[in-house]
Amino acid sequence: MGFRLPGIRKALFAANQASSKEVDAPKGYLAVYVGVKMKRFMIPVSYLNQPSFQDLLSQAEDEFGYDHPMGGLTIPCCEDVFQRVTSSLN
C-alpha cells in the first residue's frame with residue numbers, strides 16, 4: 001500500500017553509499033544536493049509524497065537518471081526555487 005516513486009529505492013541506495021566523510025542523514029531525513037554549488041540540504045522523507053516535490057524529482061530523473069554522484073539526490077534547480085518549494089511544504 002501507499003505511494004511508490006519509481007526508482008526511489010535506487011536513489012536511496014545511492015544515498016546510503018555516500019562517502020564516509022559525509023555525515024549521515026538523521027533518521028527520517030534524506031540528503032539532497034541543489035544548485036550550481038551543490039549545496040546539501042536535509043529534507044524530511046515526507047516531502048517525497050508532495051506533488052510539488054515530486055515535480056523536482058521528475059526533473060532530477062530527466063537530467064540525471066538514477067545516478068546521483070554526490071551520494072544523495074541531486075536536484076537540478078537553483079537554491080531559491082528549491083527553498084521556495086520546500087518552505088511551502090513546512
Side-chain angles (χ1 to χ4, degrees):
M1 265 200 253
F3 191 91
R4 300 195 78 186
L5 294 173
I8 196 67
R9 291 183 136 209
K10 289 181 185 177
L12 291 174
F13 178 77
N16 288 334
Q17 300 300 313
S19 74
S20 60
K21 293 179 184 177
E22 290 292 330
V23 176
D24 289 333
K27 186 175 182 175
Y29 286 80
L30 177 70
V32 296
Y33 295 88
V34 179
V36 176
K37 296 181 181 180
M38 293 295 167
K39 183 173 179 180
R40 187 175 194 222
F41 291 89
M42 294 294 193
I43 61 157
V45 294
S46 62
Y47 284 7
L48 298 174
N49 287 328
Q50 301 299 319
S52 56
F53 198 81
Q54 288 176 9
D55 290 340
L56 293 177
L57 291 175
S58 292
Q59 292 174 17
E61 180 184 2
D62 290 345
E63 187 159 329
F64 300 109
Y66 297 118
D67 181 29
H68 296 270
M70 296 296 293
L73 289 173
T74 305
I75 307 290
C77 70
C78 63
E79 290 178 33
D80 293 340
V81 171
F82 179 79
Q83 289 178 332
R84 192 172 337 117
V85 169
T86 56
S87 68
S88 71
L89 299 176
N90 290 332

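In this chain, residues are counted from 1 in sequence order.
- In this structure, the separation between CG on Leu56 and CG on Leu73 is 10.5 Å, given to the nearest 0.5 Å.
- Looking at every heavy atom in both residues, Arg40 comes nearest to Tyr33 through NE-OH, 3.1 Å.
- Two residues are said to be in side-chain contact when any heavy atoms from C-beta on lie closer than 4.5 Å; Leu48 and Leu30 meet this criterion.
- Ile75 has its side chain out of reach of Phe41: every pair of non-hydrogen atoms, C-beta onward, lies at least 4.5 Å apart.
- In this structure, the side chain to side chain contact (heavy atoms under 4.5 Å, CB included) partners of Pro76, at least two apart in sequence or on a different chain, are Gln59, Ala60, Glu63, Phe64.
- A 6.0 Å sphere centred on OH of Tyr29 holds no more than 12 heavy atoms belonging to other residues, nucleotides or ligands.
- For Tyr47, there are no ring pair (Phe, Tyr, Trp, His ring centres under 6.0 Å) partners, not counting sequence neighbours.
- Here Pro51 pairs with nothing under the side chain to side chain contact (heavy atoms under 4.5 Å, CB included) rule; sequence neighbours left out.
- Residues satisfying the ring pair (Phe, Tyr, Trp, His ring centres under 6.0 Å) test with Phe53, not counting sequence neighbours, are none.
- Atom CZ in Arg84 sits 9.0 Å away from atom SG in Cys77 (nearest 0.5 Å).
- Between atom CD of residue Gln50 and atom CG of residue Leu57 there is a gap of 11.5 Å, rounded to the nearest 0.5 Å.
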